[in-house]
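First up is the structure itself, then whatever we jot down about it.
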Amino acid sequence: MTQLYSDVRILDLSNGIPGPFCARIFADYGADVIKVEALTGDPSRRRGPFPGDIPNPEASASYLHLNRNKRGITLNLDTPSGVDLLKRLVKDVDIVIESFKPGYLASIGAGFHDLKEINSSIVLASITPFGQDGPYAQYEGTDLTYYAIGSMHMTGHADMYPIKKAASMVEHQVGNLATVAVAAAFLSARYQGQAQHVDVSAAESQQLSSDRRIQMLLGHNYNGETSMREPLSASALPMGIFPCADGHMQVMTTPAWADRMAKTLKRPDFMEKLAVPGALYSAELKAEIDEVLHPWLQAHTRAEIFAEALANQWPCFPINNVEDLLEDDHFRGRDFWVEQDHPVAGPLTYPGPLARVEDGFALRYPAPQLGEHNREFYSDELGLTGDELRHLAGSGVI
Amino acid sequence: MSDLPLKGIRVVDITVVWAGPTAAQHLADLGAEVIRVESSHRVPSSTRAQPGFTAEMAAKSGGLGRLTYPDGEPQPQPYNRAAAFNALNRNKLSVTMELDTDEGKEAFTKLVEKSDILIENNAQRIGDRLGFSWEALSAINPKLILCRMPPLGLTGPYANYIGFGAHFEALTALTYLRSYPDGDISQSSPTFHMDDVSPTVSSFMIMGALHRRHQTGEGGLIEVPQAETMLHQIGEVVVDQSMNNRSQPPMGNRDPVNAPQGVYRCKGDDQWVALSVRGDAEWQSMIVALGSPEWAKNPDYATVSGRINNHDEIDRHLTEWTRNIEKEAVFHQLQKHGVPAAPLNNEADIVADEHVKARQILRPLTQKACGTHDYPGQAFRFSDMELRWDLPAPLLGEHNEYVYKELLGYSEEQYQDFEERHLIGAQYAVEREAG
């Protein structure tokens, strides 16, 4: 068997997180991804973290993680010969991924209609802050602002400010969502010969598919209510993050799980009390359960509570930090973490397979150094001569 | 215009709660015939509202409950009127099958024989017990693509642990990383980010498996360990741990490079704007957007490290500006100068937004138990094909007749017999028995 996407070639013109992450996921599952960078390199090369916090564009953790399994070339699209080279490259690829401002590629003569003339079954995927059209099409965005315009207002504590998700997860999620759109467009192109321009909007990803946002948007259209920063439930059953002997636990108890809680706390009488009509929302019962729960949590470690509660299928999970996560037996036991060597950054630990399938995930190359595969690509594959290459390099094209 | 790429592909959606139905909805929007298999005997762990979930209970269940029913009314059969279910199951058909009966098992087997894809999202042992192992299902249909979405994978010490998205965010350090640096971690509210990520991974993998099946004729098992799908999204934080032996602390709304970055209080009650300055050139644009106030020209603020070191002070100045202006005004003012900013929107703000309207990301559907409303669609679109937009979320068992008779070939007599014996139904047993 071959990898899922091993007969697919992708030109990744995108910068930052969403586009490169989308392309990398295809690369992890076999696609031949050629990362095309401006001579200044992808800005994620300057984002870090860096070894010893010393900036080095060849050792930025963000860049390394987002661009593994790709080959890298440089190309200056602001020159006519750069655009000519791009058009030669497009002849022989299935998918082009880009994240320029809407209209930029068309302005240099390499928009969707131009590319379609060169390659009649091309997929052009444009992953941008607000999509290709509409009043905000030229607006900018970051991980924080995408989340803000979507669902951030309901995340956090009512007495505090709204708070974002960890690191750059929202921008990564845009990349994840883009893989669905690009895979669908690819199937259309491959099996129906239909070129497709894919328009992915980062802001819309947070307005339409960020955790509970879809339900709440529809719920608002159903009854006019709006959400706010508020607890999930006013029920007597424990829901929240609570201290224990060596840290904190995430506890959630639905009515269907109440018996598992009662069993774990060795208080079967809670079930009788909960059976009384109205008891599910009784403040007295809540106080009574809390009086048993909190001392029990504080007398035990995260590991003890986790094991004991889950033995009864009552979900109480430890609040871990990254060090705890990397040491956790489960992910190590599944060989989820992989080590990859990089000529500049050295051997480092990365997340391994996103999902598992026979002949699925493979680590083939570390992230490319700037222009690392120029010679291999432009001369071996495109057939440029040494003189042509030298001329292109001398005139600031590659 | 071309046909949708999954036209002619049949999907069995036997998923629970949130992530599984979302994955199947991607496939439905892309043209697959998605058949949601449900039980009418047991009320499942589903986004269909539970019978007896009253308006009063909904009101006490926070936003998730309050934003549930049309006009706030459960009415009889509330499970056909729940926003969560109806938002995650458009373009699907619903059939009821009782997998713990011989008749239900037989019908399920026939359905698997005639399908291309099956999606389930139980923990390993539960899924196996329900008959969703690759061994069991490939024996029925060797060309099947089976997508299993156990929260922690099919192997490993926690393979049988269950929970919601928020639990797995805790385990995978995400809750810690996104907590308040200036507060108590217990103030963090749960998010369910896993329910966003794992469906996208599932549908991406399923389409890859379909592509491979075109060439090899072989189906196969896809394992989507939901928690692990999230860990890719903090890849650089994981690398930092091995690169610098540094376990990153919570950063709140700040960023390692973009400064200033945060949310700022605006005019009105609990109104906020977010902004994020990427580098010195954007900072200079921001000064212009602010009207070139003296404080902003402080040379200490001209560099990234200077702005990070003086972040609190800059935040105080910015709040003096934002707190008397509406969030939309700050948003447009900054964006006109090329500075990333956005209002913190609630549902009413999103629905009223001019860009949202212009792009028509909310479009009407008429659902029998709820009437006509605008429904949220997908955040992507194509130049030469239209995402499907014709079927609202199904009522419980709405397509029993089509599935049993037309698709699986049961006779009218057999169908009526099943109906009389309540082996199929359009109402939950608990409600039927209560009269």
Side-chain angles (χ1 to χ4, degrees), chain A residues 4 49 61-62 65 134 136 139-140 142 144-145 148-149 153 157 166-167 169 172 176 179-181 183-184 187-188 192 194 197 200 204-205 208 211 214-223 225-227 230 234 241 250 310 315 317 319-320 322-323 325 330 333-334 348-349 351 355-357, chain B residues 2 5 30 60-63 66-67 70 72 83-84 87 156-158 161 163 167 170-171 173-174 176-178 186-187 192 200 203-205 207-208 222-224 231-236 239-242 247 253 274 276 335 340 342 344 346-347 355 358-359 373-374 376 379-383:
Chain A
L4 297 184
S62 295
H65 135 74
Y136 308 164
Y139 280 8
E140 299 280 351
T142 65
L144 172 70
T145 67
I149 209 161
H153 85 100
H157 195 274
M169 294 186 74
H172 282 83
N176 272 119
T179 63
V180 178
L187 292 181
S188 165
Q192 297 180 54
Q194 175 68 56
H197 188 187
V200 181
E204 283 167 18
S205 82
L208 296 174
D211 50 64
I214 330 174
Q215 160 180 0
M216 291 189 173
L217 256 186
L218 181 57
H220 171 75
N221 287 346
Y222 273 1
N223 64 26
E225 294 277 353
T226 50
S227 64
E230 61 192 314
I241 295 174
Q250 172 78 59
L310 266 302
F317 278 62
I319 303 284
N320 283 339
V322 179
E323 193 178 353
L325 167 67
H330 180 75
R334 283 173 51 77
L348 294 166
T349 300
R356 299 181 189 208
V357 64
Chain B
S2 65
L30 290 165
K60 287 176 175 166
S61 302
R66 216 169 51 247
L67 284 85
Y158 312 155
Y161 284 10
H167 293 112
L171 182 70
L174 305 174
Y176 170 78
L177 287 169
R178 67 172 172 78
S186 66
Q187 290 169 314
F192 300 85
T200 63
S203 40
F204 165 78
M205 294 297 291
M207 285 189 272
I222 299 165
E223 175 194 356
V224 179
L231 289 172
H232 286 257
Q233 299 195 342
I234 56 161
E236 75 281 13
V239 174
D240 193 23
Q241 177 74 39
S242 65
S247 182
N253 290 331
S276 191
Q335 286 283 7
L344 272 71
N346 70 10
E347 296 78 12
H355 189 76
R359 302 242 316 154
H373 298 90
D374 279 347
F380 52 79
R381 58 198 63 188
F382 305 95
S383 59

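Everything numeric here is computed off the predicted structure, so don't read it as measured data. To find a chain, count down the sequence lines: A is the first, B the second, and so on, and within it residues start at 1.
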Looking at Glu323(A), Gln250(A), Arg334(A), which has the largest count of heavy-atom pairs under 4.5 Å with chain B?
Arg334(A)

Aromatic ring pairing Tyr158(B)/Tyr161(B), orientation class (parallel under 30°, perpendicular over 60°, tilted between)
parallel

For chain A, find which of Pro5(B), Ser276(B), Ala274(B), Pro157(B) contributes the most heavy-atom pairs closer than 4.5 angstrom.
Pro157(B)

Max heavy-atom pair count under 4.5 Å with chain A, selected residue of Ser186(B), Gly156(B), Gly235(B):
Gly235(B)

Indicate yes or no for a side-chain donor-acceptor contact from Arg381(B) to the backbone of Arg359(B) under 3.5 Å, with no hydrogens or angles considered.
yes

Who among Glu223(B), His167(B), Met207(B), Glu236(B) has the most heavy-atom pairs with chain A under 4.5 Å?
His167(B)

Highest number of heavy-atom pairs under 4.5 Å with chain A among Ser247(B), Pro70(B), Ser61(B), Gly62(B) belongs to Pro70(B)

Checking the side chain of His355(B) only, and the main-chain atoms of Tyr136(A) only, is there a donor and an acceptor separated by less than 3.5 Å?
yes

Taking every non-hydrogen pair under 4.5 Å, which of Ala358(B), Ala170(B), Ser203(B) racks up the most with chain A?
Ala170(B)

Chain B contact via Gln194(A) - which portion, at a heavy-atom distance below 4.5 Å
side chain

Quick one: which of Leu187(A), Val200(A), Leu144(A) has the most heavy-atom pairs under 4.5 Å with chain B, could you say?
Leu144(A)

Chain B shares the most heavy-atom pairs under 4.5 Å, among Ser227(A), Gly134(A), Gly333(A), Ala166(A), with Ser227(A)

Between Arg356(A) (side chain) and Val224(B) (backbone), is there a donor-acceptor pair under 3.5 Å?
no

Quick one: what part of His157(A) sits under 4.5 Å from any heavy atom of chain B, side chain, backbone, both or neither?
both

When rounded to the nearest 0.5 angstrom, what distance separates CG in Leu217(A) from CG in Asp374(B)?
10.0 Å

